[in-house]
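Every number for a ligand or one of its atoms is a count from 1 in the order of the listing.
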Amino acid sequence: MRLKTEESKLAIAALYRVLVASLVCCLFYNIFFFYFPSKYLFDILAPRIIMLCCLALLIYFYVDPQAHFKNTVRAFLALVIASFVPPSLYFIVMAWQGKWLLIERLPPTSGITLSLLILGLMMLPRRQKKYVILSWSLIAIPTFHYLIFHPAELHTERGYELVSLFGPACLILYVIYPYQSGIRHHMDEITVSLRRSEAEADRDFLTDVYNRRGLQHWLKQLTTNDKICVILIDVDHFKSINDRYGHTTGDKVLIEVASRMRSIYFDKHAIARWGGEEFTVIMVNPNEQAFWAIGSMFQIALSNLPYKTVGKVTVSVGQSEIHSCEDFINLIEQADNALYDAKNNGRNQAIIYNNTLS
Ligand SMILES: Nc1nc2c(ncn2[C@@H]2O[C@H](COP(=O)(O)OP(=O)(O)OP(=O)(O)O)[C@@H](O)[C@H]2O)c(=O)[nH]1
């Protein structure tokens, strides 16, 4: 499955960090056990095996991060769970059966488990975090349980060490983490709904093109080097469409006008409802050819084919000259003058402003 672009970039970067950090973590334990050898085979083998697996996973992920993302996450989780949970449970069960003391046998690799737990919580995708919590619980709870029922082992250096390692981690995991992630989830929801409200406030409710406010915001992202050409489009005799077919049908005509407008010009531009039955198009840096043709293109595309609900509808178009985007107000006035002339000349036509216009 391919991830969505923005989400995927973040998730891929996070997974790289998890794998590299796990690798470094295992390297640290390998060096540690190299200089301070443990008498248990598990302590020597586990960090090496996990490090090799992490390296293999990193290479596999590097080959095609998009395609291998899900498998890498699954394999990493399986690796963590398989490396720590069964051995720890085995040590605990054997200790309950009196085969050995847990504090002597439980390997001092709990640090790796803890590091991987923190890494997992910080960096794995939200859905995968439950496996991290589950695997941690499968180690921590039985260990605690055992120590509580074996006070002789609890009141030893290693017993205290285990309790002081697992205790704060459990507190973080079961109390602080859910509370923090609840707050973060709530903040995310607020941010999303704020962004949605902002986007909605910039859109015309009926036609979903920009409203004036949205157009002002859009204009702000242009640079002073950008030149624009403004087109004003007004539906001819729209009042009589309303009178004849009703206001709801009039609305449908406006929706269809806006929808047709979206498929006429494809270079950088914005479409907005200027008011009532009047729309505006702002073209950014149009070339010479587009400049002379575009007003007529809009006029023809909006007037030639019959509308679904009312049949024939025509529009008049007024077009400004090309100037810096800082002259937007003047350009709107030019387009308005040209539109006025198009209306006076009998409607259903496009006129480009020139300073001889009234
Ligand atoms: N259905 C509908 N009608 C609207 C909306 N906004 C404005 N109108 C109507 O659009 C009509 C505009 O009428 P006029 O300004 O007289 O213009 P016109 O009838 O198109 O005539 P010309 O522009 O001169 O060709 C008015 O009747 C408004 O009520 C809207 O959102 N929906």
field: Cation over ring face, Arg260 and Tyr307, 6.0 Å, 45°
entry: yes

- prompt: Does the gap between the ring centers of Trp218 and His269 come in under 6.0 Å?
  reply: no

field: Aromatic centroids of Tyr60 and His68 separated by under 6.0 Å
entry: yes

- request: Considering non-hydrogen atoms only, spot the tightest contact between Cys54 and Leu23 and give its length.
  value: CB-CD1, 3.5 Å

- request: Could you check if a side-chain atom of Val315 sits within less than 4.5 angstrom of a side-chain atom of Phe298, using non-hydrogen atoms only?
  value: no

field: Sub-4.5 Å side-chain heavy-atom contact between Ile49 and Met51
entry: no

- prompt: Can you list, by chain and residue number, every protein residue with a non-hydrogen atom closer than 4.0 Å to ligand 1?
  reply: Asp234, Val235, Asp236, His237, Phe238, Lys239, Asn242, His247, Gly250, Asp251, Leu254, Arg273, Gly276, Glu277, Lys343, Arg347

